[in-house]
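See structure below.
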Amino acid sequence: MSSFSEDDAFEAAVPLSQRAMAQRPTPYLDGLNPAQREAVETLDGPVLMLAGAGTGKTKALTTRIAHLLATGRARPHEILAVTFTNKAAREMKLRIGSLMGDAVEGMPWLGTFHSVCAKLLRRHAELVGLKSNFTILDTDDQIRLMKQLIVAAGIDEKRWPPRMLAGIIDNWKNKALTPDKISAADAGAFDSKGAALYAAYQRRLLELNAVDFGDILLHVVTIFQTHPDVLQQYQRWFKYILVDEYQDTNVAQYLWLRLLAASHKNICCVGDDDQSIYGWRGAEVGNILRFETDFPGAHVVRLEENYRSTPHILAAASGVIAANKGRLGKTLFTSRTDGEKVRLIGHWDGEEEARWIGEEIEAMQRGTRGMEPINLDKMAIMVRATQQMRAFEDRFLSIGLPYRVIGGPRFYERKEIRDAVAYFRVVVSPDHDLAFERVLNTPKRGLGDKAVQTIRNTAGANEISLFESARLCCQNKLIKGKGLKELAILVEGIDRWHGETIGPVRQIQADNSVFEDESIVAAFDADETEYDHVELAEKILDESGYTASYFKQQTPEEFERGDTLVPIDIEAPGRLENLKELIAQLSRFENLQGFLENVSLNLDNGQEENVEKVSIMTLHSAKGLEFPAVFLPGWEDGLFPSQRSMDQPGILGEKGLEEERRLAYVGITRAEAVCIISFASNRMMFNKDSRGWTSQMPSRFIDELPEPHVEVLTPPGLYGGSYGAAGMAASASPAIAGGAMSNLHQKAHDANVYNSPGWRRLQNRSAQRGMAMPAEARNMTIDLAAVSAFTEGDRVFHQKFGYGEVMGIEGDKLVIAFDKAGSKHVVARFVVSAGQADDVPF
DNA sequence: TTATCTAGCGTTTTT
DNA sequence: CGCTAGATAA
């Protein structure tokens with residue numbers, strides 16, 4: 001089991017003049033402050049870089065790599081640099097490139113924990129019973145698999161949902177616990193069955209030659225632990241190790257790093273304990289807190305000079321985070337003296353909060369308070385929970401404010417992408433049962449539970465794959481009716497496409513057995529075959545009927561209207577767009593096999609269009625980003641901090657709360673110049689304990705904002721369109737009636753809408769005018785030209801609501817009866833006429 | 001087998 | 001409210 005493949009040998013053999021490199025000038029050091037410089041120049045031994053928000057940690061990290069290379073300490077392939085996200089890895093590559101010129105060809109070991117480990121695992125797969133072409137299951141596959149096992153084990157699905165059990169196993173994997181290491185205490189409520197189920201799950205994965213995300217790390221750790229020779233080679237190979245976002249590492253990642261760094265201890269971890277927000281996903285802040293114990297003599301460097309935010313924003317963030325205990329402690333400072341205070345404002349309800357923020361964004365876009373106009377791209381709304389996003393989306397859609405949601409479902413997690421990938425997978429390896437099962441009845445082929453069961457049984461009885469079983473079922477007519485015909489077509493199709501990937505590997509013999517052409521299989525292994533995989537991929541999706549399944553047969557009237565292809569639902573055009581993007585991504589890989597090995601780890605969300613938009617995201621996905629203007633809505637107890645975190649008893653409660661507080665810290669420190677925190681007294685909530693309207697106290701974190709750095713805003717009194725205004729003020733929420741309030745709370749409330757002159761004016765006004773808010777009150781530009789492009793009866797398409805018919809025009813809005821989404825008022829420029837929407841790929 | 005209805009549920013989510 | 005999974009109806 002030699003560990004290093006030919007490409008390593010080749011890399012190692014590349015002649016390199018270390019002395020020449022050592023003499024390279026180091027101009028890149030000039031732009032560093034003393035702390036950064038120390039972090040960069042302390043090359044040997046363990047280094048912990050405590051880098052606060054906005055202190056230039058990526059700069060320090062990338063410069064350190066440049067320095068390692070320039071001084072000849074290591075060659076590019078001898079540096080192991082790990083991040084958590086592909087984005088961070090890409091960013092680092094880019095920045096190293098610009099520091100070094102084009103001197104660095106590539107750093108094969110700069111990547112995410114998962115992609116680096118997957119690479120290692122492919123080399124040593126056999127040591128844990130896998131083949132090197134194993135597939136990586138995503139969360140969805142994981143749960144489906146778990147479900148099958150649960151049913152097989154006769155466990156009550158209701159009591160132990162697959163999702164939950166998969167989660168438990170995931171947690172164990174994060175803690176580097178293999179099935180044999182699960183103690184009764186770890187198993188918790190699920191007792192000994194947990195370990196058994198876990199073991200069964202792992203066995204099944206091996207059978208399928210598959211791993212889940214957790215396995216990628218865990219298997220490699222296992223290999224290192226059980227094969228010292230392999231570990232040693234890598235300890236020697238990776239001369240320097242760098243780790244980004246160290247506070248987010250879990251136990252498995254920690255063990256992995258510790259094993260690799262054990263001999264030379266040239267490990268540099270960068271992190272910020274105050275930004276540890278993934279504890280619920282297995283991250284251990286403890287890892288960063290005890291770095292100095294793990295690596296005695298560690299050099300600790302603190303980056304505390306912040307280059308991002310104004311003093312008030314920094315002070316507010318520091319004030320909040322100061323309430324946390326057990327911090328490593330950092331005090332951010334800045335040389336800046338400019339800037340305004342953090343703004344705080346209370347609202348009546350979530351809808352009004354969204355409305356106010358929308359107006360504020362439009363105002364800032366125009367330029368307000370003597371500030372220069374701010375581009376929409378430079379503003380962001382950061383929420384605690386995804387549900388909060390809807391209020392903003394609804395509002396922005398109706399006022400025609402362009403926005404983009406950051407995060408959301410990952411590209412490869414989308415149904416259509418997974419379907420397509422399953423097709424590719426089954427074509428490359430027809431015996432891939434999971435992929436075949438997915439593809440079997442997508443699109444609908446009239447194969448239901450019964451047919452699937454028949455195929456499964458046949459497979460089991462003959463010990464063949466599902467695909468071969470399906471072939472057999474067709475030949476022996478074990479399946480009836482439409483399904484039989486369709487299945488035969490599918491089997492035939494897979495054979496044909498498969499043939500195109502590597503030539504005629506399989507041929508059905510006269511006796512129904514399958515003939516395998518060894519020479520061609522060998523050729524494939526040697527990677528010598530060539531075929532146009534992009535073209536083939538398109539063909540597969542086309543000929544399988546998959547693409548077509550997103551269109552419905554058009555009716556005569558649709559034909560009349562000129563709708564050439566009619567999507568089956570609102571989502572269809574987007575899905576086709578995604579498939580198109582997938583095909584485009586394919587060309588980045590040499591062949592389908594190469595693509596498949598990387599999909600689940602390396603496929604990012606689609607390209608960013610360059611339209612100016614406000615960003616909406618969760619606080620979690622905001623980490624690492626920065627914006628000149630940041631809105632932080634929903635600061636209410638129960639929402640932020642979340643109820644869950646507060647419900648945890650005792651010491652755990654503190655822990656949960658501290659993580660929430662770090663989330664607040666992350667949020668505030670994203671802001672460069674403007675930071676606006678808001679809360680609403682009433683919010684439409686749908687959670688376990690309470691449904692419907694809830695009224696909450698403003699967040700306890702608001703109390704922790706240092707008063708001198710906060711300006712409590714008085715609403716401008718431009719509010720219209722609030723509902724049921726009369727009586728609301730009197731019945732004011734418990735939050736207001738509630739007991740002792742801090743100064744800031746009190747101030748915020750005093751200035752709050754329900755007590756303000758603006759609120760009273762609103763009551764009168766809304767009584768007089770009803771609900772509608774006059775457009776001119778918001779200084780809104782009415783785009784009449786856009787409206788006049790449509791007339792009553794027009795068939796239109798809207799990106800979110802789908803198809804509909806224009807029922808009328810009110811001011812700058814179109815009233816549209818949507819087929820699925822009901823009647824809505826929508827700004828004209830968010831709508832296109834139906835014909836234009838059918839610009840569909842393939 | 002499929003389409004349609006209803007009950008149940010509802011933090012955060014880098015890979 | 002809006003989504004999903006499961007049960008029911010066609």
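Just so we're on the same page: letters track the sequence lines, and every chain starts at 1.
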What is the distance, to the nearest angstrom, from the [atom1] atom on [X] to the [atom2] atom on [N]?
| X | N | atom1 | atom2 | answer |
| --- | --- | --- | --- | --- |
| A:Met389 | B:dG10 | CE | C1' | 15 Å |
| A:Ile406 | B:dT13 | CD1 | P | 12 Å |
| A:Lys415 | C:dC3 | NZ | P | 16 Å |
| A:Leu440 | B:dT1 | CG | P | 11 Å |
| A:Glu413 | B:dT13 | CD | C1' | 9 Å |
| A:Glu658 | B:dT12 | CD | P | 22 Å |
| A:Ile136 | B:dT15 | CD1 | C1' | 9 Å |
| A:Glu597 | B:dT15 | CD | C1' | 17 Å |

Among [options], which is the nearest nucleotide to the side chain of [X]?
| X | options | value |
| --- | --- | --- |
| A:Trp280 | B:dT15, B:dT2, B:dT13 | B:dT13 |
| A:Ala385 | B:dT13, B:dT15, B:dT11 | B:dT11 |
| A:Glu660 | B:dT2, B:dT11, B:dT15 | B:dT11 |
| A:Arg390 | B:dT15, C:dG2, B:dT11 | C:dG2 |

Position toward the 5' end of DNA chain B (nearest nucleotide), A:Asn441 or A:His620: A:Asn441
Closer to the 5' end of DNA chain B via nearest nucleotide, is it A:Leu663 or A:Leu447? A:Leu447
Side-chain donor-acceptor contacts of residues 448-455 of chain A below 3.5 Å, not counting sequence neighbours, with atom names and distances?
from     : atom 1 : to       : atom 2 : distance (Å)
A:Gln453 : NE2    : A:Asn457 : OD1    : 3.4
A:Thr454 : OG1    : A:Lys450 : O      : 2.8

Report which part of the nucleic acid [X] touches: base, sugar-phosphate, or nothing (heavy-atom distance under 4.0 Å, all strands).
| X | answer |
| --- | --- |
| A:Lys173 | nothing |
| A:Glu659 | nothing |
| A:Asp248 | base |
| A:Thr386 | sugar-phosphate |
| A:Lys450 | sugar-phosphate |
| A:Ser642 | base |

Under 4.0 Å between a side-chain N/O of [X] and OP1 or OP2 of [N], yes or no?
| X | N | answer |
| --- | --- | --- |
| A:Gln643 | B:dT11 | no |
| A:Thr618 | B:dT13 | yes |
| A:Lys147 | C:dA5 | no |

Does any N or O donor sit under 3.5 Å from an N or O acceptor when you compare the side chain of A:Arg281 with the base of B:dT11? no
Any donor-acceptor N or O pair under 3.5 Å, side chains A:Glu636, A:Ser699: no
With a cut-off of under 6.0 Å to the ring centre and 45° to the axis, is A:Arg670 in cation-pi contact with A:Phe627? no
Centroid under 5.5 Å and tilt under 30°, A:Tyr278 to B:dT12: no
Is the A:Tyr403-A:Phe392 ring centre distance short of 6.0 angstrom? no
Between A:Tyr278 and A:Trp280 (judged by ring centroids, cut-off 6.0 Å), do the two rings come close enough to count as a pair? yes
Interatomic distance, CD1@A:Ile417 vs CZ@A:Phe411, rounded to 0.5 Å, equals 3.5 Å
Is B:dT11 syn or is it anti, if syn means the base angle is within 90 degrees of 0? syn
